[in-house]
Chemist: 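Here you go, one structure.
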Amino acid sequence: MLIKDIQNAEGKTVTIAGWVYNTRSSGKIRFILVRDGTGIVQCVFSQKDVSQQVFELADKLTQESSLYITGTVKKEDKAPGGFELVGQDIKLIQMTENYPISPKEHGTDFLMGHRHLWLRSRRQNAIIIIRSQLIKAMRDFFDNQGFILVDTPILTPAAVEGTTTLFEVEYFGEKTYLTQSGQLYNEPDAAAFNKVYCFGPTFRAEKSKTRRHLTEFWMIEPEVAFADLNDIIILAEDFISYIVERVLSKCQEQLKVIERDISKLEKITAPFPRITYTEAIEQLKKAGKPVKWGDDFGADEETVLSNLYEKPLVIHRYPAECKAFYMKRDQDDDKLALGADILAPEGYGEIVGGGQREDDLKTLEKRIQEYKLPKQAFEWYLDVRRYGTFPHSGFGLGVERTLAWICSLPHVRETIPYPRMLEKVYP
RNA sequence: UCCAGCGUAGCUCAAUGGUGGAGCAUCCGGCUGUUAACCGGAGGGUUGCAAGUUCGAGUCUUGCCGCUGGAGCCA
């Protein structure tokens with residue numbers, strides 16, 4: 001029986017299988033906390049109630065020893081969780097020796113080096129369960145709205161956005177790169193399926209060493225045919241509201257374990273505050289930041305801006321120079337790109353980037369030239385504009401940054417089971 | 001790549017330039033309801049590496065290595 005179901009088995013004799021989480025004792029009584037990945041339950045062994053053999057075994061159990069325990073489920077207010085197992089028998093699988101992670105505090109380097117074991121701990125367990133629910137909510141949102149999941153390749157022939165550093169992979173004697181976005185493939189896919197999304201890992205070989213960066217992270221990217229910037233902002237707002245609400249309703253227990261202040265998440269409902277880049281610059285100046293029109297925002301600026309609001313903040317119409325070549329320009333002001341970023345509250349920074357795509361062949365060819373990109377690598381992409389071009393928009397949302405915000409974590413590395421960071425690929 | 005801080009027991013941390021300690025973990029013992037249980041005892045060290053200053057270096061200096069945070073870049 002799974003530990004999470006034990007509250008429904010009061011009075012019954014059951015067998016659980018799991019690992020020793022911690023042990024406590026007093027005189028002739030032993031308390032064994034057992035976890036099985038679905039929950040933790042306290043098992044009690046009294047010397048007067050069990051055989052000497054079983055009691056001695058209970059006395060010797062070490063942290064993370066694997067075993068089966070048979071006992072009777074009893075409601076007990078003194079037990080963590082309100083129920084305990086009055087133990088009758090123990091079948092030991094393995095007596096663990098010298099488990100490295102003790103119940104006391106540890107540093108991040110040590111814990112990251114033992115990430116495969118750290119995941120057994122209560123808090124890490126809760127975070128990864130929330131991740132699982134979050135991803136399911138993301139997929140459900142798009143699936144329910146008639147989007148088609150169209151996977152985009154991980155090995156790509158050229159840079160999607162040209163500038164950023166890519167991981168190079170030798171591909172039968174040719175150079176290929178790990179994808180940094182499914183974006184370019186989403187666009188022809190939207191012409192084939194109308195509303196599409198891709199979801200998968202993306203890679204950036206940037207030498208970034210901050211709480212917001214991983215070299216391998218997961219992104220979900222919708223692309224919608226015949227949608228303009230406004231349409232896609234509304235989609236993003238609905239999307240974020242939906243996934244936050246879903247985590248709130250499905251992960252109450254896990255949010256409690258990580259001690260998240262859920263009142264802040266309950267405020268996340270569409271629509272979100274929406275300002276232009278130019279207004280953002282004015283607000284930053286008012287806050288005393290030395291910025292000028294044309295600057296891209298750094299982490300510091302993002303934090304100042306997002307702290308002005310309780311909900312995620314939509315910033316749209318950035319200077320075109322700051323943005324990718326495929327962004328459509330604002331017809332009212334050619335210096336502006338029809339793009340929008342969404343900053344998470346509480347200083348978590350950018351979680352969404354997206355916008356309307358340039359759909360005119362001549363203009364896009366000109367941009368490719370201006371950005372000094374190899375045109376021949378983009379011929380297939382230009383075909384989207386050659387054969388029945390259409391207005392379309394999309395965005396990408398970073399799973400780990402979103403999860404870090406939802407869980408109120410100080411660093412994205414805890415939001416993914418095995419984080420890949422600058423010079424860190426073990427375990 | 002640059003800037004800052006840190007590196008002492010398996011882990012988390014103390015130690016004025018003058019005999020390297022504590023808590024947890026481990027092992028032994030005690031306690032019949034423990035809550036990161038508690039109480040008593042034991043074992044556990046090339047103080048990241050190399051050189052230098054000094055009568056004497058965990059402590060000061062230089063270099064290297066590693067870690068952490070930040071910047072730039074980005075989701």
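All chains are named by letter (A, B, ...) in the order of the sequence lines, taking the proteins before the strands, and each is independently numbered beginning at 1. Here the structure is a predicted model, which means the values were calculated and not measured.
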Chemist: Could you pull out every donor-acceptor pair under 3.5 Å between side chains of residues 280-287 of chain A and any protein atom, sequence neighbours left out?
Modeler:
residue  : atom : partner  : partner atom : Å
A/Gln283 : OE1  : A/Tyr309 : OH           : 3.3
A/Gln283 : NE2  : A/Tyr309 : OH           : 3.1

Chemist: Rounding to the closest angstrom, what is the interatomic distance between B/rA25 and B/rG66 at atom P?
Modeler: 33 Å
Chemist: Using the rule side chain to side chain donor-acceptor pair (under 3.5 Å), only one of A/Asp330, A/Thr278, A/Thr276 pairs with A/Arg317; which is it?
Modeler: A/Asp330
Chemist: With no hydrogens and no angle check, just 3.5 Å: does a side-chain donor-acceptor pair link A/Tyr185 and A/Asp151?
Modeler: no
Chemist: Using the P atoms only, state how far B/rU46 lies from B/rA4, rounded to an integer number of Å.
Modeler: 32 Å
Chemist: Just call it for A/Val352: base, sugar-phosphate, or nothing, with non-hydrogen atoms closer than 4.0 Å on any strand.
Modeler: sugar-phosphate
Chemist: For A/Glu414 and B/rU68, give me the distance from atom CD to atom P, rounded to whole Å.
Modeler: 13 Å
Chemist: Is there a side-chain contact between A/Glu358 and A/Lys328 in this structure, where contact means two heavy atoms from C-beta onward sitting under 4.5 Å apart?
Modeler: yes
Chemist: Looking only at heavy atoms, which two atoms of A/Leu265 and A/Ile406 are closest? And how far apart?
Modeler: CD1-O, 3.6 Å
Chemist: Work out how far the C1' atom of B/rU8 is from that of B/rG48, and round it to whole angstrom.
Modeler: 10 Å
Chemist: Are the side chains of A/Phe199 and A/Ile135 in contact, using a 4.5 Å heavy-atom criterion?
Modeler: yes
Chemist: Give the rounded distance in Å between these two atoms: CG of A/Leu166 and P of B/rC74.
Modeler: 13 Å
Chemist: For RNA chain B, what is the dot-bracket line, given that a base pair needs Watson-Crick (N1 to N3, plus N6-O4 or O6-N4) or G-U wobble (N1-O2 and O6-N3) geometry with both distances under 3.5 Å, and | means paired with another strand?
Modeler: (((((((..((((....[..)))).(((((.......))))).....(((((..]....))))))))))))....
Chemist: List the atom of A/Pro271, the atom of A/Lys311, and the distance in Å for their closest heavy-atom pair.
Modeler: O-NZ, 3.1 Å
Chemist: What distance, rounded to whole Å, do you find between the two C1' atoms, one in B/rU12 and one in B/rG72?
Modeler: 34 Å
Chemist: Looking at A/Ile16 and A/Cys43, what are the two nearest heavy atoms and their distance?
Modeler: CD1-SG, 4.1 Å
Chemist: Please tell me if A/Arg413 has a side-chain N or O lying less than 4.0 Å from either OP1 or OP2 of B/rG69.
Modeler: yes
Chemist: Students often get this wrong, so: under 4.0 angstrom with heavy atoms, is A/Leu214 touching a base, only sugar-phosphate, or nothing?
Modeler: base
Chemist: If you check every side-chain atom of A/Arg211, which of B/rA75, B/rG69, B/rU32 has the closest atom?
Modeler: B/rG69
Chemist: Taking B/rC27 as the reference, what is the distance to B/rG20 when you measure between their C1' atoms (whole Å, please)?
Modeler: 23 Å
Chemist: CZ of A/Arg123 versus C1' of B/rA36: gap in Å, rounded?
Modeler: 15 Å
Chemist: Assign a letter to each nucleotide of nucleotides 4-13 of chain B from its 5' end: B, base within under 4.0 Å of a protein heavy atom; S, sugar-phosphate only; -, no contact.
Modeler: -------SS-
Chemist: Ring centres of A/Phe142 and A/Phe239 under 6.0 Å apart?
Modeler: yes
Chemist: Of all of residues 49-85 of chain A, which get a heavy atom below 4.0 angstrom from RNA chain B, listed by number?
Modeler: A/Lys74, A/Glu76, A/Lys78, A/Ala79, A/Pro80, A/Glu84
Chemist: Can you tell me which nucleotide in B/rG72, B/rU68, B/rC74 comes closest to the side chain of A/Arg401?
Modeler: B/rC74
Chemist: Would you kindly give the CD-to-P distance between A/Glu350 and B/rG72, to the nearest whole Å?
Modeler: 14 Å
Chemist: Expressed as a whole number of angstroms, how long is the span from A/Gln47:CD to B/rG30:P?
Modeler: 11 Å
Chemist: Using the C1' atom on both, measure B/rC67 against B/rG52 and round to a whole Å.
Modeler: 25 Å
Chemist: Taking only N and O in the side chain of A/His411, is any of them less than 4.0 Å away from OP1 or OP2 of B/rG69?
Modeler: yes
Chemist: Quick check for you: among B/rG69, B/rC74, B/rU32, whose closest atom lies nearest to any side-chain atom of A/Lys48?
Modeler: B/rU32
Chemist: Closest approach to the side chain of A/Arg212, judged atom by atom: which nucleotide of B/rG69, B/rC73, B/rA75 is it?
Modeler: B/rC73
Chemist: Mind checking the C1' distance from B/rU62 to B/rG43? Whole angstroms is fine.
Modeler: 39 Å
Chemist: Between B/rA57 and B/rU61, how many Å separate the two P atoms, rounded to a whole number?
Modeler: 16 Å
Chemist: Can you see whether A/Ser102 engages A/Gln63 through a side-chain donor-acceptor pair at a distance of less than 3.5 angstrom?
Modeler: no
Chemist: Does the pair A/Glu414/A/Arg115 count as a salt bridge with the N-to-O cut at 4.0 Å?
Modeler: no
Chemist: Hey, are A/Arg120 and A/Tyr21 close enough side-chain-wise for a donor-acceptor pair under 3.5 Å?
Modeler: no
Chemist: Centroid separation under 6.0 Å, is that true for the rings of A/Phe110 and A/Trp118?
Modeler: no
Chemist: Expressed in angstrom and rounded to an integer, what is the separation of A/Tyr318 atom OH from B/rC74 atom C1'?
Modeler: 12 Å
Chemist: Want to settle it: does A/Phe297 or A/Ser46 sit nearer the 5' end of RNA chain B, counting the closest nucleotide to each?
Modeler: A/Ser46
Chemist: Could you label the plane-to-plane angle of the A/Phe325 and A/Tyr381 rings as parallel, tilted or perpendicular, counting under 30° as parallel and over 60° as perpendicular?
Modeler: perpendicular
Chemist: Does anything in residues 23-42 of chain A come within less than 4.0 Å of RNA chain B? Heavy atoms only, and list the residues if so.
Modeler: A/Arg24, A/Ser25, A/Ser26, A/Gly27, A/Lys28, A/Ile29, A/Phe31, A/Gln42
Chemist: Under 3.5 Å, is there any donor-acceptor pair linking the side chain of A/Ser208 to the base of B/rC74?
Modeler: no
Chemist: Hey, does A/Asp296 reach any base, or is it just sugar-phosphate, or nothing, if we go heavy atoms under 4.0 Å?
Modeler: sugar-phosphate
Chemist: Whole Å only: how far is the CD atom of A/Glu302 from the P atom of B/rA75?
Modeler: 10 Å
Chemist: Is the distance between the ring centroids of A/Tyr318 and A/Tyr277 under 6.0 Å?
Modeler: yes
Chemist: Using a cut-off of strictly less than 4.0 Å between a heavy atom of the residue and any atom of RNA chain B, enumerate the qualifying residues of residues 229-244 of chain A by number.
Modeler: none
Chemist: Can you tell me the distance, in whole Å, between the CD atom of A/Glu321 and the P atom of B/rC74?
Modeler: 13 Å
Chemist: So do A/Leu184 and A/Thr156 actually touch side chain to side chain, heavy atoms under 4.5 Å?
Modeler: no
Chemist: Apply the salt bridge (Lys or Arg N to Asp or Glu O under 4.0 Å) test between A/Asp59 and each candidate in A/Arg30, A/Lys28, A/Arg24; give the one that qualifies.
Modeler: A/Arg30
